Trainee: 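Okay, handing you the structure first.
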Amino acid sequence: MSIGYACLAVGVPESEMKSLTLSKVSEKTLLDTSRINLAHLKNLLIYTTANNLKLFRISSDLIPFGSSDANTLPWWEVFAENLLELGKLATESGIRLSMHPGQYTVLNSPRPEVVTRAIADLVYHARVLTSMGLGNEHKIVLHIGGAYGDKVEASKRFVATYLTLPQGVKDRLILENDDKLFTISEVLAIAREVGCPVVFDNLHHKINPSKEWLSDLQWIEACAPTWKGKDGKQKIHYAQQDVRKRPGSHSPTISLEPFLLFHEALPARDIDIMLEVKDKNISALKCMHATQGGTVEQLGEQWLKYKPLVTERDPEKIWKVEDLLKDAADGQVVSLAFYRLLEKNLSLEVFRSQAEITATSIAEKCIQSPAEERRITKRIAEYKQAQIPLEKLKQSIMNMANKHRVDEVLTSYYPMM
DNA sequence: CACCGTCAAGTCGCA
DNA sequence: TGCGACTTGACGGTG
């Protein structure tokens, strides 16, 4: 079983996708931005490989305006070599890639111009994966679209349009239940009609359940036959609700115990799980290590990145974690204990005075001029007097870390909580 | 430097 | 009927 993350990695320098606004589009800006994004994707794949992750979703932002008339570049030719190299990197590392056009790609719209653009967008996504030399098990995830007051008609339109898609798109397309309109049973009905694999999303299903009452496991089993040999392993999406936000919002991180319960209930056969969560790779590593074990080295590396978050709560707790890792002859055994202890410590309240000390010591690594020192000292004082939230202080420190490329700070999880 | 409104995509749902 | 929410960085303007 592979556990994956989507589009971006926290704490990986030079990995973010740049975008353009329409007013800035030109041949030069398109070329420059595409080149940067491809280089950043390479960094993401290197990171994914180094951390032994096997599932990753490529951001649709890879090629700016990739499916729009605003971009007339034959980018797949201009960057043919780069794309092939990236695909090779993924293939050699056994990484399964995917893409996921957003909410604005609507195949079943009654407006023909919307449908035309949606098809162009799917062609763009398929072209990225194909240009990378990847097989059809590297998929494109799509929702059914709008309901327009008549889901039956909307479903019929989806099917009709699906049938007109280029084969290269059909070969990669997989369909997902959404959190508002099309339930898992409705998606399954459409998918069976057109012969397309289905991705079960547990959170969408929780919020937008079908009238048939089956368990998550039963729905996953119902989706299983839609996956044929050429499609690769069955994929599902797993997410948890952010309790502070509207229904459907992804949680900041994956809470371990509910994930473990979900995981234990999964079928014995091999399934790929794409996590949808704000902290991306951080949760992917947590869930992977917790269920499949991590080496002492892997856990130690994670611990260094989490450490300042524990320090700003209660520095005394550091020793317990370090003792656990020190006594660990076998990383497999302590992985679960490590992440459970970590979660427990991270659930503690931040201590303002400790957060101040932590911020000071991290800022010290980044400061390179008296002016910077004055600015950060001022920000820390503002935080001390509760004039700004900790988040803002961290942002200032991270801006400086970014400016001076302070890797130790940039790769830590310090700004995440 | 920090902050804020706007943009760009399509649909839904609430005044 | 019209506009806010959804998403997120880029961008331009202000303080």
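Every chain is numbered from 1, with letters handed out A, B, ... down the list of sequences. Quick caveat, the model's predicted, so the values are computed rather than measured.
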Trainee: Rounded to whole Å, how long is the line connecting atom CG of A:Asn402 with atom P of C:dG9?
Mentor: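 Going from A:Asn402 (CG) to C:dG9 (P), I get 13 Å.
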Trainee: Hey, which sits more toward the 5' end of DNA chain B by its nearest nucleotide, A:Ser23 or A:Pro110?
Mentor: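 Looking at DNA chain B, the more 5' nearest nucleotide goes with A:Ser23.
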Trainee: Looking only at atom P, what distance separates B:dT11 and C:dG9, rounded to whole Å?
Mentor: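 About 25 Å, rounded to a whole number of Å.
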Trainee: Whole angstrom is fine here: how far is it from CD1 in A:Ile388 over to P in B:dC3?
Mentor: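 For the pair A:Ile388 CD1 and B:dC3 P, the rounded distance is 8 Å.
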Trainee: What contact category does A:Ser396 fall into here, base, sugar-phosphate, or nothing, at under 4.0 angstrom with non-hydrogen atoms?
Mentor: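 Since only primed, P, OP1 and OP2 atoms lie under 4.0 Å of A:Ser396, the category is sugar-phosphate.
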Trainee: Work out how far the C1' atom of C:dC3 is from that of B:dC7, and round it to whole angstrom.
Mentor: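 Per the computed distance, 16 Å lies between those C1' atoms.
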Trainee: Is the distance from OP1 or OP2 of B:dG10 to the nearest side-chain N or O of A:Arg117 less than 4.0 Å?
Mentor: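 For B:dG10, OP1 or OP2 has a side-chain N or O of A:Arg117 closer than 4.0 Å.
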Trainee: Tell me the interatomic distance from A:Asn208, atom CG, to C:dC6, atom P, rounded to whole angstroms.
Mentor: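 Nearest whole value for this atom pair: 17 Å.
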Trainee: By the 4.0 Å heavy-atom rule, please label A:Ser249 as base, sugar-phosphate, or nothing.
Mentor: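 No contact at all - A:Ser249 keeps every heavy atom at 4.0 Å or more from the nucleic acid.
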Trainee: Would you kindly check if the NZ (Lys) or CZ (Arg) of A:Arg117 is within the cone defined by 45 degrees around the ring axis of A:Tyr104 and under 6.0 Å from the six-membered ring centre?
Mentor: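 Ring-cation test returns no.
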Trainee: Would you kindly say whether A:Arg172 and A:Thr130 are connected by a side-chain donor-acceptor distance under 3.5 Å?
Mentor: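 Yes, a side-chain donor-acceptor pair sits under 3.5 Å.
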Trainee: Rounded to the nearest angstrom, tell me the gap between atom CG in A:Asp179 and atom P in C:dA5.
Mentor: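 To the nearest whole Å, that distance equals 17 Å.
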Trainee: Find the distance A:Asp121:CG to B:dG10:C1' and express it as a whole number of Å.
Mentor: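 Going from CG in A:Asp121 over to C1' in B:dG10 covers 12 Å.
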Trainee: Between A:Lys24 and B:dC7, is there a side-chain N or O to OP1/OP2 distance below 4.0 Å?
Mentor: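 Indeed not, no polar side-chain atom of A:Lys24 lies that close.
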Trainee: Heavy atoms from C-beta onward define the side chain here; which of C:dC11, B:dA8, B:dA2 lies closest to that of A:Leu20?
Mentor: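 Among the listed nucleotides, the one closest to the side chain of A:Leu20 is C:dC11.
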Trainee: Does a donor on one side chain sit under 3.5 Å from an acceptor on the other, for A:Asn208 and A:Thr183?
Mentor: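 Note: A:Asn208 and A:Thr183 side chains miss the donor-acceptor criterion.
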Trainee: A:Arg246 has an atom CZ; how far is it from atom P of B:dG13, in whole Å?
Mentor: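 After rounding, the reported distance stands at 13 Å.
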Trainee: Side-chain N or O of A:Arg111 versus OP1/OP2 of B:dT11: is the shortest distance under 4.0 Å?
Mentor: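 Indeed, a polar side-chain atom of A:Arg111 lies that close.
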Trainee: Which residue, A:Lys180 or A:Asn399, contacts DNA chain B at a nucleotide closer to its 5' end, judged by nearest heavy atom?
Mentor: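 So the residue in question is A:Asn399.
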Trainee: May I ask you to verify if any side-chain N or O of A:Arg374 is less than 4.0 angstrom from the OP1 or OP2 atom of B:dC1?
Mentor: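 Checking B:dC1 against A:Arg374, no side-chain N or O comes under 4.0 Å of OP1 or OP2.
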Trainee: Could you tell me if A:Arg352 sits above the aromatic ring of A:Tyr383, with its cationic atom closer than 6.0 Å to the ring centre and no more than 45 degrees from the axis?
Mentor: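 Yes; both conditions hold, so A:Arg352 lies above the ring face of A:Tyr383.
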Trainee: For the P atoms, the ones on B:dC4 and on C:dA5, what distance do you get once it is rounded to whole angstrom?
Mentor: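 It works out to 16 Å between them.
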Trainee: Once you round it to whole Å, what is the distance between P of B:dA2 and CE of A:Met400?
Mentor: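 It works out to 10 Å between those atoms.
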Trainee: Look at all strands and tell whether A:Asp61 reaches a base, only sugar-phosphate, or nothing, counting heavy atoms closer than 4.0 Å.
Mentor: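 Here A:Asp61 touches no strand at all.
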Trainee: Compute the ring centroids of A:Phe200 and A:His205, then answer whether they are less than 6.0 Å apart.
Mentor: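 Yes, ring centres under 6.0 Å apart.
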Trainee: Have a look at A:Asp272 and tell me which of A:His237, A:Lys139, A:Arg96 forms a side-chain hydrogen bond (donor to acceptor under 3.5 Å, both in side chains) with it.
Mentor: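 Result for side-chain hydrogen bond (donor to acceptor under 3.5 Å, both in side chains) with A:Asp272: A:Arg96.
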Trainee: Let me know the distance between NE2 of A:His100 and P of C:dT8, rounded to the nearest Å.
Mentor: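 Rounded to the whole Å, the gap is 12 Å.
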Trainee: In terms of side-chain heavy atoms of A:Lys392, which of B:dC12, C:dA10, B:dC3 is nearest?
Mentor: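 So the nucleotide nearest the side chain must be B:dC3.
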Trainee: Counting the atoms with a prime plus P, OP1 and OP2 as sugar-phosphate, which does A:Ala147 contact under 4.0 Å by heavy atoms, base, sugar-phosphate, or nothing?
Mentor: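 If one applies the 4.0 Å heavy-atom cut-off, A:Ala147 turns out to touch the sugar-phosphate alone, with no base involved.
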Trainee: Is A:Tyr104 near enough to B:dT11 that one of its side-chain N or O atoms lies under 4.0 angstrom from OP1 or OP2?
Mentor: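 A:Tyr104 to B:dT11 OP1/OP2: no side-chain N or O under 4.0 Å.
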Trainee: When rounded to the nearest Å, what value does the distance between C1' atoms of C:dG4 and B:dG5 take?
Mentor: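 After rounding to an integer number of Å, I get 15 Å for this pair.
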